[in-house]
Participant: 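Below: one structure in structure tokens.
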Amino acid sequence: MKIVEVAFDIPVDRKFDYLPGKFLQRIYKGVRVRVPFGRQKKVGIVVSIKDIEHANRSDYKSILAVYDTTPLLNDELFELAGFISERYFSSLGQALFAMIGGLPLKYSYPPEYSSEDGAHSIFQNYSKKYLVFLKDEKRKKIYIRIIQSVKDGSILLLFPEVSIAEEYYEQISDIFRDRVVLFHSELPKNEKIRIWLKMIHRKGLIIIGTRIAGFSPAQDIKTIIIDRGNDSAYSEQQTPKYNTCEVAEFRCRLLKIPLFIGEAAISIKEYLDIQKGNVSIELFNGEGQPSVHTIFMSRKTVDKELSFFVTDTISMLEETLLRKGKVAIFHNRKGSSKILRCEKCEYKFPCNICNYPMTLSDDGKSLLCRFCKTIIPFDKICPSCGSKKVGERVYGIEKIFRRLKEYYPDFRIVKFIGGMEITDDFDIIIGTSAVKKILGTYKFSLVIIINGESFLNIPDYNSEEIFFVMLNEMKSIIDNPECKILIQTRSPNLEVYKALVENNSDIFYSRELSIRKQLCYPPFSDIIKIEIKGTKKDVFEDKKRLIEDYIKEKGYDLFYSGPSFPPVKRGKGVWKYLLRFKDEFDRQDIKKLAYEVDATVEVNPDRI
DNA sequence: TCTTGCGAGTAA
DNA sequence: TACTCGCAAGAC
């Protein structure tokens with residue numbers, strides 16, 4: 001008797017058996033079906049059809065409906081889903097739905113595809129990873145050359161954002177005409193399924209899209225190109241929390257095809273790959289890039305009026321403005337609140353619920369927690385040492401923006417918020433690192449980073465790398481060799497700054513790599529972040545102990561376990577903690593364990 | 001005694 | 001995940 005195995009978008013790594021009923025002729029691996037599931041009805045994906053000889057009909061429920069006339073996923077994508085569920089600790093169903101979850105259930109099947117039968121993939125017999133490290137414009141030209149070099153096959157070209165993908169789609173549609181298709185998650189549903197079916201049936205396509213296009217069902221993919229692979233948009237935020245570059249690399253090895261990753265700046269992992277000779281590389285020589293300078297910030301050097309600037313910064317700013325040059329100001333702190341700190345003992349006023357430093361209200365009379373929204377009165381005395389010197393003048397973007405407008409009423413000052421439309425008529429633009437996106441759009445003459453340490457003091461193992469890569473990206477994006485990047489800092493002697501000022505990346509990378517190796521951090525060892533739901537501390541402690549006992553029992557060597565981050569919101573929080581394994585471990589084991597304690601697991605999160 | 005909120009269990 | 005069940009504390 002035929003039994004249909006179905007997987008669901010639920011954190012249960014199990015297949016569920018159903019009777020095909022009258023749908024037997026229409027059921028294939030890779031079609032979606034509607035089935036009874038407990039008291040609910042659910043949509044699942046058929047993962048296999050098996051034969052059971054002595055099956056008892058009444059042990060099974062029957063399929064209620066079949067949605068697709070052809071499989072939406074081929075064997076290669078099933079294998080990819082298997083990889084994703086193992087590496088990122090999700091169920092197979094969650095991985096499958098990550099690929100096709102956005103497709104509509106009801107749609108009309110284009111008649112032109114009806115007579116075709118599924119073609120087999122044609123494998124190329126080589127596989128290699130390339131890094132293209134070039135300025136934006138040059139990279140995009142190289143991509144065209146790569147596309148032209150591919151004969152008889154499809155190419156996947158991924159971009160971090162919808163808008164960039166659309167822009168490139170427009171550009172190359174002029175050259176390659178109707179071979180080019182666009183696929184991303186913001187397309188209307190009917191368009192999504194139309195393109196999906198086109199990718200299944202048509203050959204020789206140039207598929208432009210965002211991370212979801214990495215799951216294209218095209219059967220004849222010959223090359224995958226990922227633009228700016230370091231971009232955090234390539235990390236999925238929902239389970240399975242996959243990384244597009246890793247997924248693409250797996251797919252390329254499977255298909256034996258080359259992978260190209262284009263970057264404006266190189267990450268630690270890529271640097272290691274280069275050193276090991278794992279990648280071929282086309283390097284940009286770094287000439288004609290802006291220079292980086294540090295400016296020492298101390299109580300003596302800051303300006304009396306604009307206390308977030310050192311006086312030297314102000315003279316350069318004014319000089320630039322008088323020459324009609326454009327200025328970009330980066331700051332890593334949103335809003336207008338002052339961040340509190342005791343100047344004597346460095347006490348940071350942690351919230352007693354969330355443990356994150358609290359901020360001072362505008363009137364200075366109370367403390368606010370930006371996570372749980374707790375408000376407590378503030379008596380301007382440090383509870384740790386009793387000092388009255390509390391409340392450092394560190395401003396958020398909003399405050400700096402307002403002060404600058406007051407101080408320079410004759411200049412056009414704009415506050416940049418992500419996704420905002422900008423026109424050319426500004427002199428100063430201020431914002432968080434999102435401003436990076438428009439550095440290449442206009443000609444900037446000066447870039448100011450208000451406080452380098454505000455990027456570095458993030459309690460994250462990779463904060464220095466993120467800062468370093470960001471600065472190198474800025475250098476690469478800014479199309480003006482005369483431009484200067486100023487970093488205001490209290491510690492100009494830090495190695496990161498030296499490497500940037502001297503334009504010597506090797507110092508930074510080799511030092512950073514040796515630290516990572518010593519402490520078992522990526523790229524040498526994976527970090528496993530485990531988040532446990534629930535607010536009660538003792539429940540969390542129990543579950544944590546369960547995990548740690550299990551790991552001990554299995555004989556895995558933990559390099560590090562902890563710290564515990566308390567829930568962020570009162571009533572609905574999630575406890576987090578981190579694990580780093582010294583050796584290999586069985587991912588299936590950890591997955592089972594995670595399901596047992598109702599935890600979500602993430603591999604090498606961008607932010608801890 | 002009725003209401004509500006949470007934790008545990010389970011889905012074929 | 002999304003749902004139900006059952007228990008137990010709080011409202012009246």
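What you see below is based on every heavy atom in this structure, not just the backbone, and it leaves out hydrogens, waters and symmetry mates. The chains referred to below are lettered A, B, ... by the order of the sequence lines, with proteins before strands, and numbering in each begins at 1.
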Participant: Can you find a heavy atom in the side chain of Lys2(A) that is under 4.5 Å from one in the side chain of Asp51(A)?
Facilitator: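 Lys2(A) reaches Asp51(A) side chain to side chain.
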
Participant: Are Asp606(A) and Ser235(A) linked by a side-chain donor-acceptor pair shorter than 3.5 Å?
Facilitator: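 Looking only at side-chain atoms, Ser235(A) and Asp606(A) do form a donor-acceptor pair, the distance falling under 3.5 Å.
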
Participant: Could you tell me whether the side chain of Lys29(A) and the main chain of Ile49(A) form a donor-acceptor pair under 3.5 Å?
Facilitator: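 No; zero donor-acceptor contacts below 3.5 Å.
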
Participant: How would you list, by chain and number, every residue that makes a side chain to side chain contact (heavy atoms under 4.5 Å, CB included) with Arg57(A), sequence neighbours excluded?
Facilitator: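 Here the qualifying residues are Met1(A), Leu19(A).
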
Participant: Are the side chain of Tyr234(A) and the backbone of Ile226(A) linked by a donor-acceptor contact shorter than 3.5 Å?
Facilitator: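 No.
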
Participant: Within this structure, what is the NZ-to-C1' distance between Lys61(A) and dT10(B), rounded to whole angstrom?
Facilitator: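 Roughly 11 Å, once rounded to whole Å.
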
Participant: Is a side-chain N or O of Glu263(A) found less than 3.5 angstrom from the main chain of Asn230(A), in a donor-acceptor match?
Facilitator: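 The answer is yes, because a donor-acceptor pair under 3.5 Å joins these two groups.
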
Participant: Table please: side-chain donor-acceptor pairs of residues 90-110 of chain A below 3.5 Å, with sequence neighbours left out.
Facilitator:
| residue | atom | partner | partner atom | Å |
| --- | --- | --- | --- | --- |
| Ser91(A) | OG | Ile10(A) | O | 2.8 |
| Ser91(A) | OG | Gln94(A) | N | 3.1 |
| Ser91(A) | OG | Gln94(A) | OE1 | 3.4 |
| Gln94(A) | OE1 | Ser91(A) | N | 3.0 |
| Tyr107(A) | OH | Asp68(A) | OD1 | 2.6 |
| Tyr109(A) | OH | Thr70(A) | OG1 | 3.3 |
| Tyr109(A) | OH | His201(A) | NE2 | 2.9 |

Participant: Which whole-number value in Å describes the distance from Ile10(A) CD1 to dG9(B) C1'?
Facilitator: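 Answer to the nearest Å: 13 Å.
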
Participant: Return the set of residues passing side chain to side chain contact (heavy atoms under 4.5 Å, CB included) with Glu5(A) (not counting sequence neighbours), or none when no residue passes.
Facilitator: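 Side chain to side chain contact (heavy atoms under 4.5 Å, CB included) list for Glu5(A), sorted by chain: Lys15(A), Asp17(A), Val47(A), Ser48(A), Lys50(A).
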
Participant: To the nearest Å, give me how far apart CZ (Arg14(A)) and P (dA12(B)) are.
Facilitator: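 Going from Arg14(A) (CZ) to dA12(B) (P), I get 10 Å.
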
Participant: Do Tyr18(A) side-chain atoms and Pro36(A) backbone N/O form a donor-acceptor pair below 3.5 Å?
Facilitator: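 Judged by distance alone, yes, a pair lies under 3.5 Å.
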
Participant: Can you list, in residue-number order, the parts of residues 38-60 of chain A that come under 4.0 Å of DNA chain C, counting heavy atoms only?
Facilitator: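 DNA chain C contact set from residues 38-60 of chain A: Arg39(A), Gln40(A).
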
Participant: Roughly, in whole Å, what's the span from OH in Tyr595(A) to C1' in dT1(C)?
Facilitator: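 Rounding to the nearest Å, OH of Tyr595(A) and C1' of dT1(C) are 10 Å apart.
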
Participant: Check the distance between dA12(B)'s P and Ile63(A)'s CD1 and give it to me in whole angstrom.
Facilitator: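 Atom CD1 in Ile63(A) sits about 13 Å away from atom P in dA12(B).
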
Participant: Can you check the Phe8(A) CZ to dC3(C) C1' distance for me, whole Å?
Facilitator: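 Roughly 14 Å, once rounded to whole Å.
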
Participant: Without swapping roles, check the side chain of Asn243(A) against the backbone of Glu246(A) for a donor-acceptor pair under 3.5 Å.
Facilitator: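 Looks like yes, one N/O pair under 3.5 Å.
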
Participant: So which of residues 86-95 of chain A are in contact with DNA chain C, with a heavy-atom cut-off of under 4.0 Å?
Facilitator: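 The stretch gives none, as no residue of it lies under 4.0 Å from the strand.
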
Participant: In whole Å, what is the span from the CZ atom of Phe16(A) to the P atom of dT10(B)?
Facilitator: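 So the CZ-P distance, Phe16(A) to dT10(B), works out to 13 Å.
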
Participant: dA2(C) P sits how many Å from Phe97(A) CZ, rounded?
Facilitator: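 Computing the Phe97(A):CZ to dA2(C):P distance gives 12 Å.
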
Participant: Where along residues 28-37 of chain A does a heavy atom fall under 4.0 Å from DNA chain B?
Facilitator: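 DNA chain B contact set from residues 28-37 of chain A: Pro36(A), Phe37(A).
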
Participant: Ring centres under 6.0 Å, that's the criterion: do Phe250(A) and Tyr242(A) meet it?
Facilitator: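 For Phe250(A) and Tyr242(A), the ring centres are not under 6.0 Å apart.
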
